[in-house]
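This is a predicted model, so every value here is computed, not measured. Every heavy atom of this structure was used, including side-chain atoms; hydrogens, water molecules and symmetry mates were not. Positions are given from 1 along the sequence.
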Amino acid sequence: MKKLLSCVLGFALLTSAVFAMGGSDNNAAASSNGPVTITWWEFPNFGGEGDFERSLIAAFEAKNPGIKVNFEMISYADGPAKITTAIASNTAPDFTYDAPGRVIAWGNDGILAPLDDVVGMEKANLAAGPLAASKGADGKFYMYPVHSGGFMMAFNKEMLEDLGLLDMLPYKTADRTWTLKQYEDLLKALKEKLPAGKVPAVFYAKSQGGDQGTRAFMVNLYGNAPLMNKDLTKYTFNNANAVKNAQWLQNAVKEGWMMNGSALQAGDAIDMYCSSNAASTILYSLQLERINESKINYNGKKFTSIFMPFPNDAGNPVLEFIVGGTCVFNNGDEAKIMAAKKLAHFIATDPEWAPKVIEATGLFPVSSKIKVQLKTDEQKWNANAVKFFGAFYNTVPSFTEMRTYWFPAMQALLNGQDAQKTLDTFVTQSNNIK
């Protein structure tokens, strides 16, 4: 009982220290020289040019006058490199909102402050998958998971309707699962009917950005071609079905069903879809639609995206999924760490702003306490697509380097290299990562 009481008291003292900046002790964060100032560098998780984040910060500062937040928007194109450079020069921000791929790598490298004290207060309300994805190799939480959602395919509904092909898309069934033949037949029909200059689909491979779309595409198709084994210790994407999938891709490019995007990035392919120069995209999500909302145009109007799982002949489509959340950099200043943790807690739990954060991402809350309205059929289907989520291998120690081998392998396939040899090389390289 004494040990239990000691643990409870210790946790209470720790959490009360973290959150003493709220309520009547708002000024506890302020030093003798004024408020504690923290820096937030932010990727465009919420769309727009930072207006949403600035409004959120204003609300946070109003409730926490002992804290001032300096905000800077960074891009997905050069933001990761900017943070890496800042870390190397000891000028990292204090706070960011990102995904586990980068966050957990930072945590494993000792760059972040553990968030167990903050996450622990809400742990019982957080979904198991995103929660597991937020842990480092040492079992500590380095990310506070806030939103989650799947990456999948999408089709331009109005374009298919105008071409008389909408009925070929099985989007009216409950789970929307479909076979490779159904997909192939639709691509063939699109190729025949699309105007010159427009393509049915694009398989991009210029860089590792957006590789979650190409990976998910390639592990589906004939099915049973997982990237890794079940315990996530070995890369296996060179089995017989993986080779068949690679050969199908090569034939699809040869036949003109898919565009050879070896010189295109994910963003280029999404731009083609949003501008209706491609009838579909192999990488999309409600969040990506939110981010690209101003670009969506078909014959002068915004078109409707129909979201679909990847075709899978084994009847078990697999989706990669995103988890988004906050992390706190350990810059050696305890007051700033405490202030940044307070911001993390506010974003995830504030009664007014936590639902707004989820709605701004366009995805779904990790916390069961946060409720959002599902207004459209596409939102409702996306909310139920969690049953298709596969393993979350983004936090496997070898994941970051594996990605540097993936896109050259996809380029080699697109440009006609032998499928078996290409995948054997990829698997050998990935399994030799130390």
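- A 4.5 Å side-chain heavy-atom check between Arg102 and Ile83 finds every atom pair outside the cut-off.
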Thr395 vs Asn108, side chain to side chain contact (heavy atoms under 4.5 Å, CB included): CA-CA, chis, key distance, verdict: CA-CA 10 Å; Thr395 53; Asn108 289 341; over 6 Å; no
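- Checked by atom type and distance alone, the side chain of Thr39 never pairs as donor or acceptor with a backbone atom of Asp94 at under 3.5 Å.
- The two residues Met308 and Met152 have their closest heavy-atom pair at O-CB, 3.3 Å.
- The minimum heavy-atom distance linking Ala354 with Ile370 is given by the pair CB-CD1, 3.6 Å.
- Formation of a donor-acceptor pair under 3.5 Å by the Asn331 side chain with backbone atoms of Asp333 is not found in this model.
- For the pair Lys191 and Glu255, the salt-bridge criterion is not met [side-chain N within less than 4.0 Å of a carboxylate O].
- The aromatic rings of Trp178 and Phe155 sit perpendicular to each other, their planes meeting at more than 60°, with 30° as the lower class boundary.
- Applying the side chain to side chain contact (heavy atoms under 4.5 Å, CB included) test between Ile347 and each of Trp353, Tyr97, Tyr144 identifies Tyr97 as the sole match.
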Step-by-step side chain to side chain donor-acceptor pair (under 3.5 Å) determination, Glu158 to Thr304: CA-CA 7 Å; Glu158 285 75 15; Thr304 305; 2.9 Å; yes
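- A salt bridge links Asp211 with Arg215; the closest basic N to acidic carboxylate O contact falls under 4.0 Å.
- The nearest pair of heavy atoms linking Thr422 to Ala409 is CG2-O, 3.4 Å.
- Ion pair Lys63/Asp350 flagged as a salt bridge, since at least one NZ, NE, NH1 or NH2 atom sits closer than 4.0 Å to an Asp/Glu carboxylate oxygen.
- Among Phe321, Phe151, Phe399, the single residue meeting the ring-ring contact (aromatic ring centres under 6.0 Å, His included) criterion with Phe392 is Phe321.
- Classification of the Tyr284-Tyr273 ring pair by plane angle, with boundaries at 30° and 60°, yields perpendicular.
- Under 4.0 Å is where a charged nitrogen must lie from a carboxylate oxygen, and between Lys188 and Glu184 at least one such pair does.
- Using a 4.5 Å cut-off on side-chain heavy atoms (C-beta onward), Val386 and Phe364 make no contact.
- Judged purely by atom type and a 3.5 angstrom limit, Asn229 uses its side chain to pair as donor or acceptor with the backbone of Lys234.
- Salt bridge Lys157/Glu161: absent, no basic N to carboxylate O contact under 4.0 Å.
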Thr428 vs Asn432, side chain to side chain donor-acceptor pair (under 3.5 Å): CA-CA, chis, key distance, verdict: CA-CA 6 Å; Thr428 299; Asn432 284 338; 5.8 Å; no
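- Ser368 is listed as a side-chain neighbour of Asn125, based on a closest heavy-atom distance under 4.5 Å.
- Salt bridge Asp424/Lys421: absent, no basic N to carboxylate O contact under 4.0 Å.
- A donor atom on one side chain and an acceptor atom on the other are not found under 3.5 Å apart for Ser275 and Asp271.
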Derivation and outcome, side chain to side chain donor-acceptor pair (under 3.5 Å), residues Asn70 and Thr37: CA-CA 7 Å; Asn70 288 335; Thr37 300; 5.3 Å; no
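- Listed by first and then second residue, the side-chain hydrogen bond (donor to acceptor under 3.5 Å, both in side chains) pairs involving residues 376-387 are Arg176-Glu378 (not counting sequence neighbours).
- In this structure, Asn238 and Gln420 have side chains that are in contact, with non-hydrogen atoms separated by less than 4.5 Å.
- Leu413 places a side-chain heavy atom less than 4.5 Å from the side chain of Met218.
- Judged purely by atom type and a 3.5 angstrom limit, Ser430 has no side-chain atom pairing as donor or acceptor with the backbone of Val427.
- Looking only at side-chain heavy atoms (C-beta outward), Phe329 and Trp41 stay at 4.5 Å or farther from each other.
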Trace of the side chain to side chain contact (heavy atoms under 4.5 Å, CB included) decision for His147 with Val357: CA-CA 8 Å; His147 79 268; Val357 167; 6.0 Å; no
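- Atom-to-atom distance recorded for Gln429:CD and Thr404:OG1 is 7.5 Å, nearest 0.5 angstrom.
- Taking OH of Tyr142 as the start and CG of Leu115 as the end, the distance is 9.0 Å to the nearest 0.5 Å.
- The shortest non-hydrogen separation linking Ala314 to Gly223 is CB-CA, 4.1 Å.
- The line from CZ of Phe46 to CZ of Arg290 is 10.5 Å long, rounded to the nearest 0.5 Å.
- When all heavy atoms of Ser280 and Pro200 are compared, the pair lying nearest together is OG-O, 2.7 Å.
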Verdict with supporting geometry, Phe237 and Trp406, ring-ring contact (aromatic ring centres under 6.0 Å, His included): CA-CA 10 Å; Phe237 192 70; Trp406 176 263; 5.6 Å; yes
Tyr393 and Tyr235: CA distance, side-chain angles, deciding distance, side chain to side chain contact (heavy atoms under 4.5 Å, CB included) verdict: CA-CA 11 Å; Tyr393 37 69; Tyr235 292 91; over 6 Å; no
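- The two residues Ile270 and Leu288 have their closest heavy-atom pair at CD1-CD1, 4.1 Å.
- Side chains of Phe407 and Thr214 form no contact here, defined as non-hydrogen atoms less than 4.5 Å apart.
- For the atom pair Glu293 CD and Lys302 NZ, the distance stands at 3.5 Å (nearest 0.5 Å).
- Note that the CG atom of Asn260 and the NZ atom of Lys254 stand 14.0 Å from one another [nearest 0.5 Å].
- Using a 4.5 Å cut-off on side-chain heavy atoms (C-beta onward), Met121 and Thr349 make no contact.
- Rounding to the nearest 0.5 Å gives a distance of 9.0 Å between OH of Tyr76 and CD1 of Ile74.
- Looking at Ser367, its side chain never comes within 3.5 Å of a backbone N or O of Leu126 through a donor-acceptor pair.
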Val318 and Asn220: CA distance, side-chain angles, deciding distance, side chain to side chain contact (heavy atoms under 4.5 Å, CB included) verdict: CA-CA 7 Å; Val318 178; Asn220 283 283; 4.1 Å; yes
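- Classified by interplanar angle (parallel below 30°, tilted 30° to 60°, perpendicular above 60°), the ring pair Phe217/Phe203 is perpendicular.
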